[in-house]
Undergrad: 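Just passing along the structure, written as structure tokens.
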Amino acid sequence: MHEHTPRLDWARHAPEVYKAMVRLDAAARQGLDPVTYQLVLIRASQLNHCAFCLDIHSKDALAAGESAERIIQLSAWEESQHFYTEREVAALALTEAVTVLTEGFVPDDVYERAAQVYDERELSQLIAAITTINAWNRFGVSTRKVAGHYKAGDFK
């Protein structure tokens, strides 16, 4: 099979928006555990079917020492919670709740679980990171960014 053609180079045509997204991304990750941060990026990208972002964040996570096993298990994390810490599980549940809003608000039990293991500053940063990756995913899927060409660390 051949790879698809991207629809639009949105970063080139809207450079100020792209620069703002890069700044937002940098601000959102401040103070978050880098391992949890990568797991959140990968899980949101799975939910949003963003192959481009999955390519980036899986490769970066592997290069940073994350195990392939934990990355593979992310798509079924609810059945494989033993692979993750309590904080990671709470972050993954919150990621799903913020990413998939078809049922309405983020459920109170999901929010409370996260609030029990993250202080208010950390929780604010986590929500910002989840929101930011969802925005990146939407740029990726709407413009059909092509996965497979990223090398770990290219965007650092």
Undergrad: Is there a side-chain contact between Trp77 and Glu96 (heavy atoms, below 4.5 Å)?
TA: yes
Undergrad: Could you tell me the separation between the CZ atom of Arg7 and the OG atom of Ser142, rounded to the nearest 0.5 Å?
TA: 7.5 Å
Undergrad: So does Gln30 get a backbone contact from the side chain of Gln125, meaning a donor-acceptor N/O pair under 3.5 Å?
TA: yes
Undergrad: Do Thr143 and Phe52 have side-chain heavy atoms sitting under 4.5 Å apart?
TA: no
Undergrad: Looking at Glu122 and Arg87, is there a salt bridge between them, counting it only when a charged N and a carboxylate O are closer than 4.0 Å?
TA: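 A salt bridge links Arg87 with Glu122.
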Undergrad: Looking at CZ of Phe139 and CG of Leu8, how far apart are the two atoms once the value is rounded to the nearest 0.5 Å?
TA: 10.5 Å
Undergrad: Using a 6.0 Å cut-off, check whether atom OH of Tyr111 has over 12 heavy atoms from anything other than its own residue.
TA: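 No, OH of Tyr111 has 12 or fewer neighbouring heavy atoms, counting only those of other groups under 6.0 Å.
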Undergrad: Testing the 3.5 Å rule here: is there a donor-acceptor pair between the side chains of Arg43 and Gln46?
TA: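 Their side chains do contain a donor-acceptor pair, which is all the 3.5 Å distance test asks for.
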Undergrad: Side chain of Glu78, backbone of Ala93: donor and acceptor closer than 3.5 Å?
TA: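 Not a single qualifying donor-acceptor pair exists.
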Undergrad: For the residue pair Glu16 and Lys19, what are the closest heavy atoms and their distance?
TA: OE2-NZ, 3.2 Å
Undergrad: Tell me whether the count of non-hydrogen atoms from other residues, nucleotides or ligands lying under 6.0 Å of CG in Asp109 goes above 12.
TA: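 Yes, enclosed.
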Undergrad: To check you understand the geometry: which heavy-atom pair defines the closest contact between Val89 and Gln81, and what is its length?
TA: CG1-OE1, 3.6 Å
Undergrad: Please check this pair: side chain of Arg144 against backbone of His4, looking for a donor-acceptor N/O pair closer than 3.5 Å.
TA: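 Here the side-chain-to-backbone pair does not exist.
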Undergrad: With side-chain contact (heavy atoms from CB on, under 4.5 Å) as the criterion, how do Leu54 and His49 come out once you've worked through the C-alpha distance, each side chain's angles and the decisive distance to 0.1 Å?
TA: CA-CA 8 Å; Leu54 278 169; His49 306 282; over 6 Å; no
Undergrad: The test is ring pair (Phe, Tyr, Trp, His ring centres under 6.0 Å); show your working for Tyr18 and Trp10 and say whether it passes.
TA: CA-CA 8 Å; Tyr18 178 77; Trp10 74 272; 5.6 Å; yes
Undergrad: Once you round to the nearest 0.5 Å, how far does CG of Asp119 lie from OG of Ser124?
TA: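 Rounded to the nearest 0.5 Å, the CG-OG separation comes out at 8.5 Å.
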Undergrad: Hydrophobic clustering (ILVMFWY, side-chain heavy atoms < 4.5 Å, transitive) - are Leu47 and Ile130 grouped together?
TA: no
Undergrad: Does the side chain of Val22 reach to within under 4.5 Å of the side chain of Trp136, using non-hydrogen atoms?
TA: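 A side-chain contact exists here, since the closest heavy-atom pair is under 4.5 Å.
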Undergrad: Do you reckon Val100 sits in the same ILVMFWY cluster as Val98, going by side-chain contacts under 4.5 Å, direct or chained?
TA: no
Undergrad: Which distance, rounded to the nearest 0.5 Å, do you find between the CG of Leu123 and the CG of Leu94?
TA: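 If I round to the nearest 0.5 Å, the distance is 6.5 Å.
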Undergrad: Looking at Thr85 and Glu88, would you say the former's side chain and the latter's main chain have a donor-acceptor pair under 3.5 Å?
TA: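 Answer holds: yes.
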Undergrad: Checking Asp25 against Arg29 for the salt bridge (charged side-chain N to carboxylate O under 4.0 Å, His left out) test, could you report, in this order, the C-alpha distance in whole Å, the side-chain angles of both residues, the deciding distance, and whether it holds?
TA: CA-CA 6 Å; Asp25 191 274; Arg29 77 175 66 198; 2.4 Å; yes
Undergrad: Same cluster or not: Tyr118 versus Ile133, using hydrophobic residues (I, L, V, M, F, W, Y) connected whenever any side-chain heavy atoms lie under 4.5 Å apart?
TA: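 The answer is yes; both residues are in one hydrophobic cluster.
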Undergrad: With the 4.5 Å side-chain cut-off for hydrophobic clustering, are Leu92 and Val117 part of the same group?
TA: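 No, separate clusters.
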Undergrad: Please check if the number of heavy atoms outside Glu120 that lie under 6.0 Å from its CD is greater than 12.
TA: no
Undergrad: Tell me, do Met21 and Thr132 make a side-chain contact under 4.5 Å, heavy atoms counted?
TA: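 Yes, close enough: below the 4.5 Å cut-off.
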Undergrad: Nearest 0.5 Å, what's the CD-CD distance between Gln116 and Glu86?
TA: 8.0 Å
Undergrad: Provide the closest heavy-atom pair for Val141 versus Asn48 in the form atom of the first, atom of the second, distance.
TA: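 Result for this residue pair: CG1-O, 3.6 Å.
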Undergrad: Salt bridge between Asp55 and Lys59, side-chain N to carboxylate O under 4.0 Å?
TA: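 Looking at Asp55 and Lys59, the cut-off is met.
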Undergrad: Would a single hydrophobic cluster contain both Leu74 and Ile56, if residues Ile, Leu, Val, Met, Phe, Trp and Tyr are joined by side-chain heavy-atom contacts under 4.5 Å?
TA: no
Undergrad: For Ser75 and Ile72, which heavy atoms make the closest approach, and how far apart are they?
TA: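 The answer is OG-O, 3.6 Å.
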Undergrad: Ser80 pairs by side chain to side chain donor-acceptor pair (under 3.5 Å) with which of Gln73, Arg70, Glu69?
TA: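 Considering Gln73, Arg70, Glu69, a side chain to side chain donor-acceptor pair (under 3.5 Å) with Ser80 is found only for Gln73.
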Undergrad: For the residue pair Leu62 and Ser67, what are the closest heavy atoms and their distance?
TA: CD2-C, 4.2 Å
Undergrad: How far apart are the closest heavy atoms of Ala129 and Leu32, and which atoms are they?
TA: CB-CD1, 3.6 Å
Undergrad: How far does CG of Asn137 sit from OG of Ser45, to the nearest 0.5 angstrom?
TA: 4.0 Å
